[in-house]
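In what follows, a single structure is set out as C-alpha cells and then discussed.
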Amino acid sequence: MAELKALIFDVDGTLAETERDGHRPAFNQAFVDTGLDWHWTPELYGQLLEVSGGKERIRAYVQDYLTDFQLPAGFADLDALIKHLHANKTQYYKQYAAAGKIPLRPGVERLLNEARSKGVRLAIATTTTPANVQALLENTLGADSLNWFDVIAAGDMVPKKKPAPDIYEYALEHMDLLADNCLAFEDTNNGLLSATPTGLKTVVTVNEYTKAQNFTGAKLVLSDLGTPETPFNVLAGDASDATHFTVDLARQLCA
Ligand code: XBP
C-alpha cells in the first residue's frame, strides 16, 4: 500500500481552460501586433497543440503550415521572430489572467484547499512559462497561493518538454518523493505520456481540445474534478462511489 503524499498538477487545460481562454487569443494578438496575417482558429490551434511549448508551437507552424514564409523586416532570423512573438504573447496572457478572463476549472480550488488542510503536498509540472503560472495562480487564488506548491516546475526549467518525462522527474526530485506516493493530474495525451514513465499514476480531466485523445494507461479519466453540486462523469477507470474528486479518492487511487 502506497501512502499518498503529494498531488502534482499540470496547468494548461487542467487547472484552467487556459488554451481556450488565454493562450490562443494571446498568440493571435501578438501576431496582429507584429504585423503578421496569421490567425490560429480553434480548429487549427487544436492541431498545433500537439506540439508542447509556445515557442516550439510557433516554429512548428512556420515549418509545417506556412508554404511561403518570408521573415518580416526587422528580425535577424526565425529565432528572433519567435522570441519576440512569444514575449509579446506572454504579456497578453498575463493581461487576460489579471482581467479575470481565465477562471479555474470546476473543483480545482476545492481540491487544492482540501489537500492543504489534510497535509497532502502540492506541486506543479507544466510546459508553460513560469510567468504564466504565476499570473494564473495570483489572479485566481491570490498571491499567497504560489507558496502552496512545494515546487512549480515549468517551461524551460528542463531540456525536453512534454511528452518527455523531464518536467515530472524534476518535480519528484525537488520534492524528494517517490512516484508511488504521488498522483498526477493532466488533460492531454502528451501529459499522460510525460507522467507515466516516471511511475506516476495519472488522473485525466478532459476538455474540448483533448476529449478525443488516447488516455490508455491513465488511472482515471474524468469530465472534470466535479463539485458536490455538479458531479463529474467517469469516462474510464474506477472512481468507486465518488461524485467529485476528493483526497479520499486520491488516496484510493494511489494505494
Ligand atoms: C501546455 C503547453 C504550453 C502552453 C503555452 O502546457 O504546451 O506550451 O500551450 O504556454 P501544460 P507557453 O499542459 O504542460 O501546462 O507559450 O508559455 O509555452
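For clarity, every value in this text was computed on a predicted model and none was experimentally measured. Both counts, for ligands and for their atoms, begin at 1 and track the order of listing.
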TODO: Provide, to 0.1 Å, the distance between atom 9 (O) of ligand 1 and the closest protein heavy atom, together with that atom's residue and name.
DONE: Glu19 OE2, 2.6 Å
TODO: Starting from atom 10 (O) of ligand 1, locate the nearest protein heavy atom and write down its residue, its atom name and how far away it is, to 0.1 Å.
DONE: Thr128 OG1, 2.8 Å
Task: Pair His39 + Phe31: ring centers closer than 6.0 Å - done: no
Open item on the list: Would His86 count as a contact residue for ligand 1, given that I'm defining contact as a non-hydrogen atom of the residue lying under 4.0 Å from a ligand atom?
Closed with: yes
- [ ] Could you tell me whether Glu56 and Lys161 make a salt bridge, using a distance below 4.0 angstrom between a side-chain N and a carboxylate O?
- [x] yes
Task: Salt bridge Lys162-Asp10, side-chain N to carboxylate O under 4.0 Å - done: yes
Open item on the list: What protein heavy atom lies closest to atom 18 (O) of ligand 1? Include the residue and the distance to one decimal.
Closed with: Gly54 N, 2.7 Å
- [ ] Give the contacting part of Asp12 toward ligand 1: side chain, backbone, both or neither, where contact means a heavy-atom distance below 4.0 Å.
- [x] both
Task: side chain to side chain donor-acceptor pair (under 3.5 Å), paired with Tyr45, selected from Glu19, Arg20, His23 - done: Glu19
Task: Numbering as shown, the atoms of ligand 1 that approach Lys89 to under 4.0 Å (heavy-atom distance) - done: 5 (C), 10 (O), 12 (P), 16 (O), 17 (O)
- [ ] Using a strict cut-off of 4.0 Å, indicate which atoms of ligand 1 neighbour a heavy atom of Asp10.
- [x] 11 (P), 13 (O), 14 (O), 15 (O)
TODO: State if Lys161 counts as touching ligand 1 under the rule of any non-hydrogen atom under 4.0 Å.
DONE: no
Task: Residues Lys160, Asp166: salt bridge by 4.0 Å N-O rule - done: yes
Open item on the list: Which of the numbered atoms in ligand 1 are under 4.0 angstrom from any heavy atom belonging to Val11?
Closed with: 15 (O)
Task: Polar side-chain atom of Asn233 near backbone of Ser223 as donor-acceptor pair, under 3.5 Å - done: no
Open item on the list: At under 4.0 Å between heavy atoms, is it the side chain or the backbone of Lys55 that contacts ligand 1, or both, or neither?
Closed with: neither
Open item on the list: Can you tell me if Gly53 contacts ligand 1 (heavy atom of the residue under 4.0 Å from the ligand)?
Closed with: yes
Task: Val11, Thr18, Asp12 screened by side chain to side chain contact (heavy atoms under 4.5 Å, CB included) with Leu15, the one that passes - done: Val11
Task: For Asn132, the ligand 1 atoms whose distance to one of its heavy atoms is below 4.0 Å - done: 17 (O)
Task: No-hydrogen, no-angle side-chain donor-acceptor test under 3.5 Å, Asn214 and Thr216 - done: yes
- [ ] Give the numbers and elements of all ligand 1 atoms closer than 4.0 Å to a heavy atom of Thr129.
- [x] 12 (P), 17 (O)
Open item on the list: Check contact between Arg57 and ligand 1, using heavy atoms of the residue and a distance below 4.0 angstrom.
Closed with: yes
Open item on the list: Classify the ring geometry of Trp38 against Tyr61: parallel below 30°, tilted from 30° to 60°, perpendicular beyond 60°.
Closed with: perpendicular
